Chemist: 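My questions all concern the structure below.
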Amino acid sequence: MFLGERVRVETWAATLVVLGGIAIVFWDGLARGTWDGDLAGLVTALCLAGNFTILRHRKHIDMVPATALGGFIAAGFLLVIGAAAPLAPDGRDWLVLAVLGFFVVPVAFGLITIGPRYITAPEVGLLMLVETVLGPLWVWLALGERASALSLTGGAVVLVTLAVYFTWRLRGPRGVAAAQSSG
């Protein structure tokens, strides 16, 4: 809307179905009393949507250095705060934080920053929802915290919708032509 770009009907359809899946997860959080994390996720999603829109609007400008600088500033600030007791990580945690901070997060955000050059902001937002669904899976694997059946159902709705949408977009005549012209 802000960029004056036409969003395809199939993108709107996928967005509405995905919102339904996220609503299932959110509803489950409300029922279990864990809405504070869901609310934080909603605010984050709104901020990311604004970011994707700005990146798409200025797609001719390489924003990866600005993203990296922001990450380094945030890391320095959090290092000072995080090293103070009682929040200080132990030895093993520092290694995990270093891998996340120097590899995983910079690569992920670099790719996210580049994405709106090649696909629309709504499509980047849809791709980001894979992380929303996989986040609880990582928590379950790392901490043993099980997601409820309702949350898993909502997550499945999101993943299946995204798989169908992006498969269709890449295999459709416009998707193949777009992929060939940009790659």
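Remember, predicted model here, so these are calculated numbers, not experimental data. Atoms considered below: every heavy atom in the structure, side chains included; atoms not considered: hydrogens, waters and symmetry mates.
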Chemist: Please give me the minimum heavy-atom distance between Ala14 and Leu126, naming the atom from each residue.
Modeler: CB-CD1, 4.3 Å
Chemist: Output the distance between atom OG1 (Thr15) and atom CD (Glu10), rounded to the nearest 0.5 Å.
Modeler: 10.5 Å
Chemist: If you define the side chain from C-beta out and look only at heavy atoms, does anything of Thr11 sit under 4.5 Å from Tyr165?
Modeler: yes
Chemist: Taking atom CZ of Phe109 as the centre, report whether more than 12 heavy atoms of other residues, nucleotides or ligands fall under 6.0 Å from it.
Modeler: no
Chemist: Look up atom CH2 in Trp12 and atom CG in Leu19, then write down how far apart they are to the nearest 0.5 Å.
Modeler: 9.5 Å
Chemist: Among Ile24, Thr153, Ile22, find the residue that satisfies the side chain to side chain contact (heavy atoms under 4.5 Å, CB included) test when tested with Val158.
Modeler: Ile22
Chemist: Hey, quick one: are Val18 and Val160 part of the same hydrophobic cluster, counting side-chain heavy atoms closer than 4.5 Å, chains of contacts allowed?
Modeler: no
